[in-house]
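Structure first, commentary second.
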Amino acid sequence: MSIRINPNLLPDLLAAVQQNDVNQNVATQELASGRAVNQLSDNPAAAAAIVANHHQSSQDDQFLQNITTLQSKFQVADSTLSNVVTVLTRAISLGTEGANGTLNQSERQAIASEVQGLISQTASLANTTYQGTYLFGGTAVTAQPFTLNTSTFAVTYNGNNNTASVQLSTGNSIGANLPGSQLFQNASGSVFGALQALNTALTSGNNIPAAVTQVQNALSQINTQRVFYGNALNQINLSETFLNQDKVNLSSQENALIGVDPAKAASDLIQAQVAKQSTLSATGRILNLPTLLDFIK
Amino acid sequence: MGSLSAGLNIALQSLLTEQGAISTTSNNIANVNTPGYARQRADLLENSPVLIGNLTFGTGVHLQGVTSLRDPILDIRVNQETQQQGQLSAFISTGQQIQALFNEASGTGLQAPLTAFFNSFSRLSSDPSNLNARQGVLTAAQNLATAFNRTSSNLTTVQRNVDLSVTQSVNQINALTSQIASVNAQVNAATNAGQNPGPFIDQRQQLLNQLSSLVDVSEIDAGNGSLTLTTSSGAPLVVGNQAFQLTTQPDLNTGLQHIFSQGTDITAKITAGQLAGQLQVRDKEIPSVQSSLDTLAANLATAVNTQHQAGFDLNGAAGSNLFAPPPAGGVGAASSLKVVITDPTKVAASQDGTSGDNANANAILALQNQTIVNGQNPLNFYSGVVFNLGNDISTAQGNQQAGDLVLRQIQNLQGGVSGVDINEEAANLIRFQNAYQAAAHVASVIDSLLQTTIDIVGP
């Protein structure tokens, strides 16, 4: 006796139609959203990996923003120092002028008062702010770092010697400032010390050439310190390039994890549609098959 | 030697028998689309012969009975697979609501607020005395707290909804067991009376199949066609004509319904069917996700608070807690996470008390790469939660698909035994029709023979 088969084919046929519907739906959803992973259960591993990917990517965005902030800050600091260089150059030429033995006291005094002007100009440069914070006060950014005694022309530093470091990318930090003491009152060439000495020398008429030499030392010291900002700007640019590249990599990783291959999704969709049509047409035929009753009259 | 009247008797009995067979066929055709119907067969039996002299004469045919054709083993297999399917379907449909809360692929989840929180410290580090950057930290912390609160409360909502479904499932189970108990009595009565219990068994199997989609059922044959039904852990559901109702009672601590059978809590012992799927989501999946969120929120808040307290705010004062300290043990930390600083100057970015120092902001930023949550960094821990949730649902979906194939195959086997085939019925109909016509003809021939005999005798 042959095995009796289930005369009711409908559940199998309907299951086939339903499966086609599911395939069609999945392909449509993939095409519409551009993602192959629309729910965690579609691909749990990819959904978990995307957490780290998105985190890294938006972290990079923040680093890029930080870089823009630092860039403007460093540019302001660098151009401030460039102004200080101009001031010191002027002081050197004034000193050289004052060292000329043919000048009388009142002429030297006139030069000295110009130097005094340079001192207060330098003090105000050293108190430069960027968006409300002092650039050269170390990490004491809310109080004015340098105060000028207008009678003695002595300058006092109120800031500290600390530096802050900012992350440019994961694991890569940069010093965000140089303390004013290191820039303007450096032991190997103090800007304010030299200018004050020049002022004193011009006023008294003694030791002018020595004071000029001191200013020259201060100038070369400032130029040495300025390298820091040049380097920092370079490092920032490198990081910017790195971060942009990292974002490209992350985005292609994201695509590999959860993105959909449009060509594949489109062909899946067509395949599902064709399969559905053939299933429906087969179902129609099977359900319309004649039975024995059709032949009994 | 058989008599004419005996022959007439045989023909008449044959007419009745074929008529019964035709009626069975008709019933089969009528029920071709009835769910749960098992085809019936008319059992024709040859009558006992009579011995006249040394000759044995047949005495015709009679309809011994009508048998419903079903394979009890297949019925049980269908019910078992239905239980698995019921459980998986219930788990998946609710699980999908949970995973929608963590859809990281489309950016709805906790990754974005977590990242934004750490990024706010990154921004603060680049400009530590900037009030906007400080306000940014408070806003990001607030958003993070809100995200934790919302996700946690959404999980609770899903849990409460599932809890309602649990009560509904129990009510459905009770309604079904009552019906099965009364049908059970009818099967028993029919069996005892020697009748075909098939139609009642059809009905019972249909109800039993519905019950199987709800709860794990073990069937024990109690004899005489009666079935004893228990859960797989042995809690009675139906014994003979008596149904044992399940009851629900809310747990004093959680407020969630527990299921009792005869005063015993069987909540944890329900292993299959829709009810088991619902309990699995309510008592395992949601609490597990919830407790992961609590762990994450508690450890993160504690680590951030500790580091925040180690720093100094914009005015040089020592840092205070950024988040309200999480409850001891961490239970409920996600739902109660709260930012307690409102003044942006109170954000402790500095480590040495100066306004431009960012070392403490850097230290808080660095927490994102430190193993502060169960030996993992916060993002990795969270991505583990995402993976486990997705994986549980994906596994259930795989099992459901495989189980569905198995179920359909068994149903096909069952259909092979019990399904009505129109062609077969049509063939039978012709067979029985021919036999009926032949028997009628025989009767008419014997009638004419009797007439001849009567004519010979004469009036």
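A, B, ... follow the sequence lines: proteins, then strands. Residue 1 opens every chain.
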Relative to chain B, which of A:Ser165, A:Pro11, A:Ala52, A:Ala176 shows the most heavy atom pairs under 4.5 Å? A:Ser165

For A:Asn38, is there any backbone N or O sitting under 3.5 Å from a side-chain donor or acceptor partner on B:Asn103? yes

Would you please say whether a donor-acceptor pair under 3.5 Å links the side chains of B:Ser122 and A:Asn66? yes

Contacting moiety of A:Thr133, where chain B heavy atoms sit under 4.5 Å: side chain

So which part of A:Asp61 gets closer than 4.5 Å to some heavy atom of chain B, the side chain, the backbone, both or neither? neither

How long is the span from the CG atom in B:Leu114 to the NE2 atom in A:His54, to the nearest 0.5 Å? 14.0 Å

For each of B:Glu425, B:Gln411, B:Gln368, tally heavy-atom pairs with chain A at distances under 4.5 Å, and name the one with the top tally. B:Gln368

Smallest separation among heavy atoms of B:Tyr382 and A:Val51, with atom names: CD2-CG1, 3.9 Å

Pairwise distance CD(B:Gln414) to CG(A:Asn6) - rounded to 0.5 angstrom: 9.0 Å

So, taking the atom named CD in A:Gln167 and the one named OG in B:Ser126, what distance separates them when rounded to the nearest 0.5 Å? 11.5 Å

Side chain, backbone, both or neither of A:Ile50 within contact of chain B (heavy atoms, under 4.5 Å): side chain

Considering only heavy atoms, which portion of A:Glu254 lies under 4.5 Å from any heavy atom of chain B: side chain, backbone, both, or neither? neither

Consider only side-chain N and O atoms of B:Asp357 and A:Asn162, and report whether a donor and an acceptor are under 3.5 Å apart. no

With a 4.5 Å cut-off on heavy-atom pairs, point out which of B:Ile393, B:Asn130, B:Leu379, B:Val32 contacts chain A the most. B:Leu379

For B:Ser350 and A:Thr139, run side-chain contact (heavy atoms from CB on, under 4.5 Å): C-alpha distance rounded to whole Å, both residues' side-chain angles, the deciding distance at 0.1 Å, then the answer. CA-CA 9 Å; B:Ser350 166; A:Thr139 58; over 6 Å; no

Is it the backbone or the side chain of A:Thr69 that comes under 4.5 Å from a heavy atom of chain B, or both, or neither? side chain

